[in-house]
Amino acid sequence: MKKVHPKIKSFIDVFYGGDVKRFVKEYKQIVGSEINLSNPSAGIILFIRKKWGLSSDLLLGLEDIEKSIKHKKFKNLKKKSNIYAYASIIKQFLSILINEKLLNANEIDFRTRIQDPKEDADRFIDFYGLNKNSINTFSQIMKILEERDIYIFAFPVNTDKQEGIIYPSSPSFIILNSNIKKAKAGFALAHEIGHFLYKDIEDDKQEEFLSDKFATYLVIPSSILPYIEEIFKRALSMQNKEFIFIKEICKTFSCNIHPLTAIERLSLAGRLSREEKKEWKEQIIKIERNINKRKSKANWEKKLSEKLGVMISEKYKKALSNLLSQRQINKERYLEMIFEKVSYV
């Protein structure tokens with residue numbers, strides 16, 4: 001066999017346990033051609049997107065992943081690890097629980113997407129029984145996914161730019177960055193669902209663009225738009241309009257949507273030009289930074305500043321408890337699988 005390119009070798013080691021033959025077989029099935037292991041083409045990016053639902057920047061971070069899970073020892077995961085290291089470990093742990101019939105393997109089941117984010121969001125709301133007459137919060141979206149055996153986790157990762165990833169193939173799970181604000185969590189979760197819906201689009205920027213729009217429409221359905229517009233209209237008449245808008249959005253919706261998402265929704269409805277949206281977003285980000293720095297905050301400001309925090313799927317935790325009670329794992333292994341061995345302090 002030809003020498004394997006270092007990055008492809010890392011990918012096979014992490015996601016296939018070093019099984020080159022299985023990787024080559026799956027690659028051919030999905031991409032439709034053989035892979036040159038020593039000099040891979042853009043087909044590897046297509047494969048990663050179609051098979052794993054992950055972005056192509058995965059290849060850039062594989063060295064960090066290998067360091068984090070060298071010899072597949074979970075103890076090497078540490079505070080703010082690469083998000084793909086968590087994904088690799090979670091996949092292994094979920095497989096154990098599924099094999100023991102303590103969890104079900106599933107994937108997001110939604111086949112009527114038409115690449116119109118508004119229409120897709122409406123159909124998704126209907127398909128999964130979400131609400132068209134209120135905002136769809138992080139807790140609500142998480143609940144309907146977990147009920148269908150799509151497992152949700154949140155961990156601190158080594159970049160603030162990445163809010164999450166989705167593993168769309170069965171067993172499907174989503175990992176969010178625990179450092180994001182709670183107010184952004186609903187949008188971030190919906191955005192990852194968008195990546196599943198539009199994963200077959202070859203243009204990364206277009207996929208990101210459609211996922212953002214889908215998430216905005218999902219979190220803020222059309223019936224809620226008039227309330228956002230009224231808050232915006234009142235704020236416009238005030239001298240410190242951006243601060244008033246942030247405050248009223250947070251107080252009206254209990255900080256379950258972020259002001260930036262509200263601005264994006266107004267823009268999608270044609271209420272703001274591109275330049276106006278940009279100016280509003282810049283001012284909101286600036287004000288939010290100042291709020292975060294203040295020691296003394298109003299209650300709504302405290303809520304806006306709250307981070308999502310580390311989260312472990314409830315179904316996953318229950319399955320692990322059952323495994324422990326059946327004495328199929330010891331306490332040390334349980335703590336490892338429940339991610340207690342990672343220092344988040």
| Criterion side chain to side chain contact (heavy atoms under 4.5 Å, CB included) on F93 and L103, from CA distance to verdict | CA-CA 11 Å; F93 289 171; L103 285 179; over 6 Å; no
| Which is it for E242 and K286 under the salt bridge (Lys or Arg N to Asp or Glu O under 4.0 Å) test, yes or no, and what are the steps along the way? | CA-CA 10 Å; E242 292 90 356; K286 184 178 179 181; over 6 Å; no
| task | Apply side chain to side chain contact (heavy atoms under 4.5 Å, CB included) to K91 and L94, showing your working. | result | CA-CA 5 Å; K91 186 174 183 297; L94 284 174; 5.9 Å; no
| task | Please lay out, stage by stage, how F232 and I249 fare under the test side chain to side chain contact (heavy atoms under 4.5 Å, CB included). | result | CA-CA 9 Å; F232 183 71; I249 286 292; over 6 Å; no
| query | Going through the distances and angles, do I125 and L218 end up as a side chain to side chain contact (heavy atoms under 4.5 Å, CB included)? | reply | CA-CA 7 Å; I125 287 169; L218 182 63; 3.4 Å; yes
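Of the candidates N177, N179, I312, I89, F155 forms a side-chain contact (heavy atoms from CB on, under 4.5 Å) with just one, namely I312. Partner of K181 under the salt bridge (charged side-chain N to carboxylate O under 4.0 Å, His left out) criterion, chosen from E306, E301, E288: E288. Under the side-chain contact (heavy atoms from CB on, under 4.5 Å) rule, K25 has a single partner from K28, R22, Q29, which is Q29.
Remark: Q239 pairs with no residue by the side-chain contact (heavy atoms from CB on, under 4.5 Å) rule, at least two apart or across chains. Qualifying ring-ring contact (aromatic ring centres under 6.0 Å, His included) partners for Y227, counting only residues two or more places apart in sequence or in other chains: none.
Within the structure, the side chain to side chain donor-acceptor pair (under 3.5 Å) test picks out the following pairs touching residues 269-281 (sequence neighbours left out): E229-R271, E264-K277, E264-K281, S273-E276.
The same ILVMFWY cluster, assembled from side-chain heavy atoms under 4.5 Å apart, contains both L102 and Y316. Under the 4.5 Å side-chain heavy-atom criterion for ILVMFWY residues, no single connected hydrophobic cluster contains both Y217 and V219. Both I287 and L260 sit in one connected hydrophobic cluster of ILVMFWY residues. Membership requires side-chain heavy atoms under 4.5 Å apart, directly or through other members. Note: the hydrophobic cluster containing I338 also contains I175 (ILVMFWY, side chain heavy atoms under 4.5 Å, direct or indirect links). Cluster annotation: I30 is connected to L37 through the hydrophobic network of ILVMFWY side chains, with a link wherever side-chain heavy atoms come within less than 4.5 Å.
Salt bridge annotation for K315-E146: absent, with no cationic side-chain nitrogen under 4.0 angstrom from a carboxylate oxygen. By the 4.0 Å N-to-carboxylate-O rule, E314 lies close enough to K317 to be salt-bridged with it.
Side chains of I35 and F47 form no contact here, defined as non-hydrogen atoms less than 4.5 Å apart. No side-chain heavy atom of K182 sits under 4.5 Å from any side-chain heavy atom of C255. For the pair E332 and L335, the minimum side-chain heavy-atom distance is 4.5 Å or more. Between R265 and S222, the closest side-chain pair of non-hydrogen atoms falls below 4.5 Å. Under the 4.5 Å side-chain criterion, counting only non-hydrogen atoms from C-beta, M337 is in contact with I96. Contact check for D120 versus L210: no side-chain heavy atoms found under the 4.5 Å cut-off. Taking 4.5 Å as the limit, every side-chain heavy atom of N240 sits out of range of all side-chain heavy atoms of K247. Residues M142 and T137 fail the side-chain proximity criterion, which asks for heavy atoms closer than 4.5 Å.
Nearest heavy atoms, L145 versus I193: CD1-CD1, 3.9 Å. Of all the heavy atoms in N133 and I224, the pair that sits closest is O-CD1, 3.6 Å. Shown here for C250 and L304, the closest heavy-atom pair between the two residues is SG-CD1, 3.7 Å. Scanning all heavy atoms of the two residues, the minimum distance from F245 to I228 falls at CE1-O, 4.4 Å. Closest non-hydrogen pair, A154 versus S178, comes out as C-CB, 4.0 Å. The two residues L176 and L308 make their nearest non-hydrogen contact at CD1-CD2, 4.0 Å.
Residue R289 qualifies as open at atom CZ: its count of foreign heavy atoms under 6.0 Å is 12 or below. Heavy-atom contacts from other residues, nucleotides or ligands closer than 6.0 Å to CZ of F209 number 12 or fewer.
For S223 (side chain) and K132 (main-chain N/O), a donor-acceptor pair under 3.5 Å exists by modelled atom type. Not a single donor-acceptor pair under 3.5 Å links the side chain of S267 to the backbone N or O of I263. The backbone N or O of S172 sits nowhere less than 3.5 Å from a side-chain atom of N106 that would complete a donor-acceptor pair. Distance alone, capped at 3.5 Å, is enough to place a donor-acceptor pair between the S211 side chain and the H195 backbone.
If you take CG on D212 and CD on E207, they are separated by 10.5 Å, rounding to the nearest 0.5 Å. In this structure, N256 CG and I220 CD1 are separated by 11.0 Å, a value rounded to the nearest 0.5 Å. The OG atom of S321 lies 11.0 Å from the CD atom of Q326; values are rounded to the nearest 0.5 Å. Note that CD1 of I150 is 14.0 Å distant from CD1 of I141, once rounded to the nearest 0.5 Å. Considering NZ of K184 and CD of E163, their distance stands at 5.5 Å, rounded to 0.5 Å. To the nearest 0.5 Å, atoms CG (L97) and NZ (K318) are separated by 13.5 Å.
Between F339 and Y86, the ring planes are tilted. Angles from 30° to 60° get that label.
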